[in-house]
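To start, the structure itself, in structure tokens.
Each ligand, and each atom within it, is numbered from 1 in the order the structure gives. Because the structure is a prediction, the values reported are computed rather than measured.
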Amino acid sequence: MKKEKVLQAYQDAREQYAALGVDTDEALRRLDSISISLHCWQTDDVGGFETPDATLSGGGIQATGNYPGKANSVSQLRQDMEKVMSLLPGSQRVSLHAMYGEFGGTKIDRDSITTDHFQGWIDWAKNLGTGLDFNPTFFSHPLAEDGFTLSGRNEKNRRFWIEHAKRCRRIAAEMGRQLGTPCVNNLWIPDGSKDTPVDRYALRALLKESLDEIFSEEFPAEYLRDALESKLFGIGSESMVVGSAEFYMGYAIKNNKLITLDNGHYHPTEQIGDKISSLLLYVDELMLHLTRGVRWDSDHVVIFNDEIQLIAQEIVRCKALERVHVGLDYFDASINRIGAYVVGTRAAQLAFLHALLEPTETLRKYEEEGRYFERLALMEVMKTKPLGAVYDYWCLTGNVPVAEDYIVEIQKYEKEVLSERT
Ligand code: RNT
Ligand code: ZN
């Protein structure tokens, strides 16, 4: 895109928004403050670097497709993430899963991992000037094969997973300490049952007991934030998931934890954006796993759809940008994986920009006065304002490819780097 054209379009857009009382420069300043946590697992289809290879299994999550070029090593993963970040305006951080440690070719089981296995990641992040988030890995492991981890009745297995979770918190806190930005440690377990269980209470009581033990160790909030992620159902856990929305909501409110909202984890007619204002009244902070649910799958690439727009709008309208950690969670193995990141992150950024460019005060006034036609009309009008011109300008000033220009960059990377991989 020609620089002058982008600047010209921005000037015009700025005037159009200003006429409605919206300051585009201010919106971009606020957008700059949103750091998006990029989930490392889109690079390799949730594979990880354990020895022997922990191929994605259990947990009812599935990556489909076999597009060439997936990352096979820590260095390839880093190279890919760096490429992704070079194509994105604004700031990002990286979210790691415990299975992505540097294990030096030896078998280190999940109950034995330490910060040493992640020091290389911390150094890498420090070098890039970015932060890290973390996730214990409760799937793709023989001790998760029966479908239960922290809520399992097999006491030996449950202890193994408690130990894993405790170690992950220590690693995450160390990441936060060294990097000077709190690390969100997000806990998601696959536990659930395919068919109707009889004693749900016992399973949930066990999960509660496990969490109490895991969280008994205290860490400063500047280093570590603990988040809990629920799910409605998964493949193989259709009838009941132990860590349900109610379970974690109760736990988080009572124990001062964060709630992770993964918008692929609810009934398709539920509006995840609608949950934000309620949760913010009872928990200090939220974590987002932005994704796109499609029928049975919760993990398609994020696009600029109504659902993502409402989530961003609700956060902005609640004046809660500082209380929400924005992260992504999807894995599509059927398209260029670097492209998947850039499409999804840009869509999430667009949603926040769209929300920041809303004449919220005018809309609020209409609402208070019961002028619902005016509220509806203005919201519709805002949909076709030149949002893209403002986003393009942000890319230009951030020295990253504007609009469709990033497509060629990814094609080039595919040709030069990804296609060379075996
Ligand atoms: C699974 C959860 C979870 C995972 C990642 C890999 O349904 O969304 O967040 O996707 O931990
Ligand atoms: Zn998730």
Side-chain angles (χ1 to χ4, degrees), residues 36-50 54-64 70-71 77 94-101 110 132-141 144 147-150 161 164-165 168 171-172 183-192 226-238 240-245 247-248 252 258-268 270 272 275 286-302 307-308 311 324-333 337 340-341 344 348:
I36 300 197
S37 188
L38 303 174
H39 57 310
C40 79
W41 50 95
Q42 163 68 56
T43 53
D44 75 333
D45 319 332
V46 210
F49 301 125
E50 288 172 325
T55 39
L56 181 57
S57 73
I61 50 179
Q62 212 181 322
T64 51
K70 80 172 196 180
L77 197 162
V94 173
S95 181
L96 293 176
H97 239 286
M99 50 151 64
Y100 287 84
R110 307 238 176 114
L132 291 176
D133 294 316
F134 203 54
N135 305 260
T137 312
F138 293 99
F139 49 86
S140 301
H141 191 282
F148 292 95
T149 62
L150 293 178
W161 290 115
H164 175 61
C168 285
I171 295 166
C183 174
V184 179
N185 186 53
N186 177 59
L187 185 143
W188 174 76
I189 57 167
D191 300 32
D226 293 297
L228 299 166
E229 180 180 9
S230 70
K231 193 167 181 172
L232 179 64
F233 75 93
I235 309 166
S237 61
E238 291 85 0
M240 185 242 5
V241 162
V242 184
S244 58
F247 179 91
Y248 286 130
L258 277 65
I259 284 285
T260 295
L261 285 173
D262 181 314
N263 59 299
H265 288 187
Y266 296 83
H267 187 278
E270 276 185 273
I272 281 57
K275 301 177 188 302
L286 299 175
M287 167 88 203
L288 299 179
H289 267 189
L290 297 177
T291 183
R292 174 164 48 110
V294 179
R295 300 193 188 278
W296 60 267
D297 179 47
S298 75
D299 301 295
H300 277 57
V301 180
V302 172
E307 186 171 60
I308 298 295
I311 291 170
V324 180
H325 304 262
V326 184
L328 308 175
D329 178 16
Y330 52 79
F331 25 99
D332 189 338
R337 295 171 184 78
Y341 277 114

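- Looking at atom 8 (O) of ligand 1, its nearest protein heavy atom turns out to be D329 OD2, 2.7 Å.
- Between H97 and W41, the ring planes lie perpendicular to each other; the angle is over 60°, past the 30° to 60° tilted range.
- Closest to atom 9 (O) of ligand 1, if we only count protein heavy atoms, is E229 OE1, 2.8 Å.
- Using a 4.0 Å cutoff on heavy atoms, N135 does not count as a contact of ligand 1.
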Note to self: The test is salt bridge (Lys or Arg N to Asp or Glu O under 4.0 Å); show your working for R292 and E307 and say whether it passes.
What the structure shows: CA-CA 9 Å; R292 174 164 48 110; E307 186 171 60; over 6 Å; no

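- Here the protein heavy atom with the shortest distance to atom 7 (O) of ligand 1 is K231 NZ, 2.7 Å.
- The option with the heavy atom closest to atom 6 (C) of ligand 1, from among H97, H265, M99, is H97.
- Taking the six-membered ring for Trp and the full ring otherwise, W161 and H141 have centroids separated by under 6.0 Å.
- For Y341 and H39, the ring centers sit closer than 6.0 Å to each other.
- No hydrogens or angles considered: a donor-acceptor pair under 3.5 Å links the side chains of D191 and T149.
- To the nearest 0.5 Å, the span separating CG on D133 from CG on N185 amounts to 9.0 Å.
- At least one donor-acceptor pair under 3.5 Å links the side chain of Y100 to the backbone N or O of G47.
- Excluding waters, the set of protein N/O/S atoms under 2.8 Å from the Zn ion (ligand 2) reads E229 OE2, D262 OD2, H289 ND1, D329 OD2.
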